[in-house]
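Please read the structure below before turning to the comments.
Quick note on labels: first sequence line is chain A, next is B, and so on, each numbered from 1. These values consider heavy atoms only, across backbone and side chains, with no hydrogens, waters or symmetry-generated copies.
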Amino acid sequence: MNESNINFYQNIYDLVQLIPRGRVTTYGAIANYLGAKQSSRVVGWALNQCHTQKMKIPAHRVVNRLGLLSGKAHFTPPELMQQLLEQEGIVVENDKIQNFDKVFWNPILEL
DNA sequence: CTCTTGACTGGTT
DNA sequence: GAACCAGCCAAGA
């Protein structure tokens with residue numbers, strides 16, 4: 001763990017919190033924005049550890065590239081992720097986000 | 001140190 | 001569209 005690693009993790013948490021309400025992004029987009037597009041799995045790992053963070057992380061706004069709620073199983077209860085998304089106006093059907101291209105938020109383009 | 005696992009992605013079949 | 005494979009990297013046993 002060097003400084004860049006810590007910064008990388010911190011950037012992930014900060015960026016996730018910047019996701020606008022009613023929008024979502026992908027692990028790859030986050031990794032790409034942080035200059036590590038090949039490390040999308042690490043983004044997933046960071047979110048897996050996000051519950052250990054003191055800050056609130058809207059991890060439900062992060063899905064995989066297909067718009068699938070791949071991380072729903074890590075929520076308590078698992079249904080929470082979809083509920084939060086629908087609560088923000090995002091249509092989810094069969095664990096998959098509908099109109100994904102419409103709600104997708106690209107940090108590289110938006111920031 | 002080695003090996004496995006995983007909230008991933010891109011390409012191929 | 002689904003299924004499979006290969007590359008990727010950090011953490012834990």
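Nucleic acid contact class of A:Asn64 (heavy atoms, under 4.0 Å, all strands): sugar-phosphate only. Across all strands, A:Ala59 comes closer than 4.0 Å to base atoms (heavy-atom distances).
Residue A:Arg65 places its side chain closer to B:dG10 than to any other of C:dA10, C:dC8, B:dG10. Out of C:dC9, C:dA11, B:dT9, the shortest distance to the side chain of A:Thr26 is found at B:dT9.
A:Leu68 places its CG atom 11 Å from the P atom of C:dG1, with the value rounded to the nearest Å. One atom, CD1 of A:Ile57, and another, C1' of B:dA7, lie 14 Å apart when rounded to the nearest Å. Residue A:Lys37 contributes atom NZ, which lies 10 Å from atom P of B:dG10 at whole-angstrom precision. Rounding to whole angstrom units, CG of residue A:Asn11 and C1' of C:dA10 are separated by 17 Å. When rounded to the nearest whole Å, the span between CG of A:Leu66 and P of B:dT9 equals 8 Å. We find that CG of A:Asn106 is positioned 13 Å from P of B:dT9, with the value rounded to whole Å. A:Lys72 places its NZ atom 14 Å from the P atom of B:dC8, with the value rounded to the nearest Å. One can place CD of A:Gln38 at 13 Å from P of C:dG7, the figure rounded to the nearest angstrom.
Relative orientation of the A:Tyr9 and A:Tyr13 rings is perpendicular, given thresholds of 30° and 60° on the angle between their planes.
Looking at A:Thr25, A:Asn11, A:Ile30 one by one, the single match for side-chain contact (heavy atoms from CB on, under 4.5 Å) with A:Val16 turns out to be A:Ile30.
Under 3.5 Å, the side chain of A:Ser40 and the base of B:dC8 form at least one donor-acceptor pair of N or O atoms.
Within 6.0 Å of the NZ atom in A:Lys37, the count of heavy atoms belonging to other residues, nucleotides or ligands does not exceed 12.
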Determine, stepwise, if the pair A:Tyr27 / A:Leu47 fulfils side chain to side chain contact (heavy atoms under 4.5 Å, CB included).
CA-CA 9 Å; A:Tyr27 303 94; A:Leu47 287 179; 3.4 Å; yes
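Between A:Gln49 and A:Ser39, the residue anchored closer to the 5' end of DNA chain C is A:Ser39, taking for each the nucleotide with the nearest heavy atom.
A sub-4.0 Å separation between OP1 or OP2 of B:dC8 and a side-chain N or O of A:Ser70 is present. At the phosphate of C:dA11, OP1 or OP2 sits under 4.0 Å from a side-chain N or O atom of A:Tyr9.
Side-chain contact, A:Glu88 with A:His60: a donor N or O sits under 3.5 Å from an acceptor N or O.
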